[in-house]
Amino acid sequence: MPKPVFTLAEGTFVISSHVLILTYHKGQPLSDPSVSTTLPIFGGGGIATLGDTLLLETLAHFNRERIPERSVILVVHAKAAGAWGEFEVTNNISSLTCAKFLNGVGKKTPVLFRLSTTGGEKGSADTVRDVRGFSVKFFTEEGNHDIVGNHIDLILQFWDFHVNQPESVHALMHLFGSRGLPDSIRRVTGFGVHTFKLVADDGRFRYCKFHFRPVQGVTHFSGQEAERIAGANPDFHNKDIWDAIARGNFPAWKLYVQVMEPEQAEKYGRALFDITKVWSHKDFPLIEVGQMTLNKNPGNYFAEIEQAAFSPSNMVPGIAMTPDPMLQARMFAYPDAQRYRLGVNYSQLPPNRPIAPVYAPYERDGTTVTKNYGGDPNYVRSTLSPGVSTRAITQIRHLERVQPTATLGLNEIPVDDEDFQQPRELWRRVFDKSEKSQWVSNISETLGDVPAPLREAVRTMFSKVDPDIGQLLAAKFNGNSHL
Ligand code: HEM
Ligand SMILES: *[C@@H]1O[C@H](CO)[C@@H](O)[C@H](O)[C@H]1NC(C)=O
Ligand SMILES: *[C@@H]1O[C@H](CO)[C@@H](O)[C@H](O)[C@H]1NC(C)=O
Ligand SMILES: *[C@@H]1O[C@H](CO)[C@@H](O)[C@H](O)[C@H]1NC(C)=O
């Protein structure tokens with residue numbers, strides 16, 4: 001029997017005797033596939049590197065592992081509704097960011113919106129329990145800015161994954177509550193999820209989180225209603241938003257930011273960059289920014305929504321990335337998927353074309369390119385045709401603190417009790433007695449067909465949130481012969 005070549009971190013579970021010897025895709029031994037090569041930054045953050053072959057190969061392979069026979073080449077975010085609209089600034093936040101589209105109360109920017117189910121394929125029902133993808137593209141005067149987030153402010157994957165990534169226990173607590181079953185996508189919240197930076201005119205930055213709140217309010221289905229509608233009209237949500245816009249009943253969302261000073265951030269701990277945690281609203285209250293209103297349905301769904309390409313790498317000066325390696329991985333993965341899914345000229349397609357002028361002669365030629373640059377130099381730093389920028393370097397470059405002893409390499413962030421604190425708060429302080437028992441039945445329904453050892457691992461994971469949950473789940477499993 002071969003020995004496992006990596007050790008599982010505390011808090012993970014080995015559920016079978018099936019041991020696999022892991023290698024890179026060219027056969028070199030691999031110590032731990034769950035960890036990427038990063039340069040650690042404080043607060044659990046880190047900078048991913050282009051030298052991380054495992055990360056780049058895995059992301060690029062993931063993007064190509066389905067034949068592009070339908071909307072998105074991936075197994076996720078295939079089914080969606082989309083619409084055009086506009087964003088209007090309603091609050092002066094110029095002291096926080098020099099992003100031009102966020103400066104000037106009353107300023108308007110066209111937007112494209114896409115709201116997807118995560119797990120469902122193209123023909124799936126809209127009303128199943130799922131995290132919704134929440135994508136917004138702002139066509140600003142300085143190029144496109146995208147927020148590609150979720151309707152829940154945290155992330156998660158599914159069972160076998162979860163028991164080995166207990167950090168996502170918090171998102172699971174939310175998904176199996178009412179937030180997993182919105183009754184209309186006009187009434188879902190939206191989150192940028194990751195921590196970003198807002199950069200001011202003088203180059204000062206603050207960390208921030210983006211929040212969209214529906215002006216229509218937030219409401220939900222009961223489990224029974226959702227199931228009935230999934231059978232009666234699998235396209236319920238997509239029809240609902242389409243009809244509302246067609247009737248002139250335009251859905252709107254307010255955009256807010258939570259803002260953290262760098263000095264506060266240094267003391268904030270793991271919740272700073274970790275997208276399985278949220279920032280306290282008490283300590284970091286929402287600051288209003290503006291309002292997004294959707295006012296136009298797509299004329300041709302394929303051309304305008306299917307071919308839309310959102311990416312967290314689309315950022316304008318005034319908003320910047322942070323040392324969250326998952327954000328950095330996404331910044332490579334989305335455009336890579338889009339080059340494959342839509343072709344190398346995907347940026348020139350109508351839903352992706354910036355309204356700002358584009359001059360990028362270092363990307364030219366290739367198949368399906370509609371724009372070229374004649375005799376302009378295709379190399380940087382030409383003396384005859386020097387490139388100039390409209391922005392000062394200080395608005396684009398900013399300080400980040402690297403630990404003096406940082407090691408470049410496999411830097412795992414160990415799971416610790418901090419991963420269970422926020423879900424514990426939710427269970428103990430937010431859920432009342434009936435919500436607790438309902439949540440337990442919501443979650444045990446999905447565990448019916450799961451192998452017993454994995455079910456046990458799920459129970460152990462939730463026991464760390466609160467031993468009561470473990471006991472309630474055990475009672476469900478024991479009292480129910482088919483579980
Ligand atoms: C490292 C982890 C992740 C990777 C590698 C990844 C990768 C991808 C890729 C390649 C696409 C398809 C892009 C396209 O073809 O247009 C996609 C779609 C999407 N992902 Fe992720 N993703 C990750 C995590 C996340 C997270 C954390 C969120 C939410 C915060 C998220 C939200 C979305 C959304 C909303 C879409 C659909 C975009 C659209 O509306 O077109 N993903 N993901
Ligand atoms: C917006 O705020 C900035 C700084 O806080 C201030 O200098 C500016 O005058 C304000 N603009 C308007 C239109 O109120
Ligand atoms: C269980 O699911 C139903 C249907 O979504 C939802 O209304 C309810 O709030 C959930 N219960 C809890 C406590 O999360
Ligand atoms: C390339 O982009 C143009 C829009 O500028 C579009 O008309 C054309 O269909 C695209 N080609 C492909 C193969 O996607």
Side-chain angles (χ1 to χ4, degrees), residues 34 36 48 52 55-66 68 70-83 89-98 102-107 112-120 130-137 146-157 161 165 167-168 171 185 188-196 200-202 204 209-212 273-276 287 304-314 324-343 346-347 349 351-352:
S34 67
S36 59
D52 189 346
L55 179 64
L56 294 186
E57 289 287 343
T58 308
L59 292 169
H61 191 277
F62 181 61
N63 284 343
R64 290 164 181 79
E65 66 193 18
R66 293 290 180 278
R70 48 145 217 259
S71 65
V72 182
I73 49 133
L74 282 177
V75 282
V76 291
H77 298 287
K79 189 174 181 189
V89 177
T90 54
N91 188 22
N92 180 5
I93 59 158
S94 66
S95 61
L96 295 175
T97 175
C98 61
L102 297 180
N103 270 270
V105 171
K107 180 158 202 166
L112 179 62
F113 174 75
R114 184 175 184 268
L115 196 125
S116 47
T117 50
T118 305
D130 201 354
V131 180
R132 275 28 182 216
F134 192 106
S135 307
V136 182
K137 188 184 292 295
D146 294 1
I147 296 181
V148 196
N150 279 342
H151 96 284
I152 292 182
D153 43 358
L154 315 142
I155 60 134
L156 70 169
Q157 310 281 326
F161 178 83
Q165 311 280 328
E167 311 85 287
S168 43
I185 55 184
V188 295
T189 43
F191 300 92
V193 181
H194 297 273
T195 297
F196 294 88
D201 245 331
D202 56 6
R204 272 202 68 192
K209 295 264 193 197
F210 292 107
H211 297 253
F212 285 95
F273 299 122
D274 180 345
I275 61 173
T276 66
I287 300 171
E304 296 164 44
I305 305 302
E306 207 66 69
Q307 292 202 312
F310 297 88
S311 169
S313 57
N314 295 333
D324 168 352
M326 184 176 293
L327 173 60
Q328 294 151 35
R330 294 180 70 204
M331 289 169 68
F332 166 75
Y334 289 59
D336 184 56
Q338 289 149 6
R339 283 185 290 269
Y340 175 59
R341 172 166 80 83
L342 301 165
Y346 74 96
S347 307
L349 292 167
N352 308 322

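Indexing begins at 1, ligand by ligand and atom by atom, following the structure's order. All values derive from a computational prediction rather than experimental measurement. Nothing fancy with the numbering, it's 1 onward along the sequence.
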Donor-acceptor contact present, side-chain Q307 to main-chain Y346, <3.5 Å: no
Gap between atom CZ of R330 and atom CD1 of I275 - 0.5 Å precision: 7.0 Å
Distance (rounded to the nearest 0.5 Å) between N150 CG and T189 OG1: 10.0 Å
Check: R114 N/O within less than 3.5 Å of ligand 1 N/O: yes
Atoms in ligand 1 flagged as close to L59, the criterion being non-hydrogen separation under 4.0 Å: 5 (C)
Sidechain-backbone polar pair: K137 side chain, A309 backbone, donor-acceptor under 3.5 Å: yes
Candidate with minimal heavy-atom separation from atom 2 (C) of ligand 1, of Q338, H151, R341, M326: M326
S116 and K79: CA distance, side-chain angles, deciding distance, side chain to side chain donor-acceptor pair (under 3.5 Å) verdict: CA-CA 5 Å; S116 47; K79 189 174 181 189; over 6 Å; no
Per-atom contacts of ligand 1 with G133, taking only distances under 4.0 Å to non-hydrogen atoms: 35 (C)
Rounded distance (nearest 0.5 Å) linking atom OG1 of T90 with atom NZ of K107: 14.5 Å
Close approach, A80 and ligand 1, non-hydrogen under 4.0 angstrom: no
D336 contact mode with ligand 1 (heavy-atom cut-off under 4.0 Å): neither
Contact check: Y334 vs ligand 1, nitrogen or oxygen atoms, below 3.5 angstrom: yes
Per-atom contacts of ligand 1 with V148, taking only distances under 4.0 Å to non-hydrogen atoms: 30 (C), 34 (C), 35 (C), 38 (C)
Test item: D146 side-chain N/O and S311 main-chain N/O as donor-acceptor pair under 3.5 Å: yes
Element-labelled atoms of ligand 1 that are located less than 4.0 Å from some non-hydrogen atom of I275: 27 (C)
Distance filter under 4.0 Å to A333 heavy atoms, resulting ligand 1 atoms: 5 (C), 10 (C)
Nearest-0.5 Å distance, OG1 of residue T97 to CG of residue N103: 6.5 Å
Contacts of type salt bridge (charged side-chain N to carboxylate O under 4.0 Å, His left out), residue D52, not counting sequence neighbours: none
Distance-minimising heavy-atom pair for L59 and D336: O-OD2, 4.5 Å
Parallel, tilted or perpendicular, as decided by the 30° and 60° cut-offs, for the rings of H211 and F191: perpendicular
Heavy-atom nearest option to atom 35 (C) of ligand 1, drawn from A48, G192, G190, G149: G149
R114 side chain to F310 backbone, donor-acceptor under 3.5 Å: no
Proximal atoms of ligand 1 relative to A337 (non-hydrogen, under 4.0 Å): 10 (C), 15 (O)
Enumerated ligand 1 atoms positioned under 4.0 Å from heavy atoms of S135: 35 (C), 38 (C), 39 (C), 40 (O)
Under 4.0 Å from ligand 2, counting heavy atoms only: the protein residues, by chain and number: N92, S94, S95
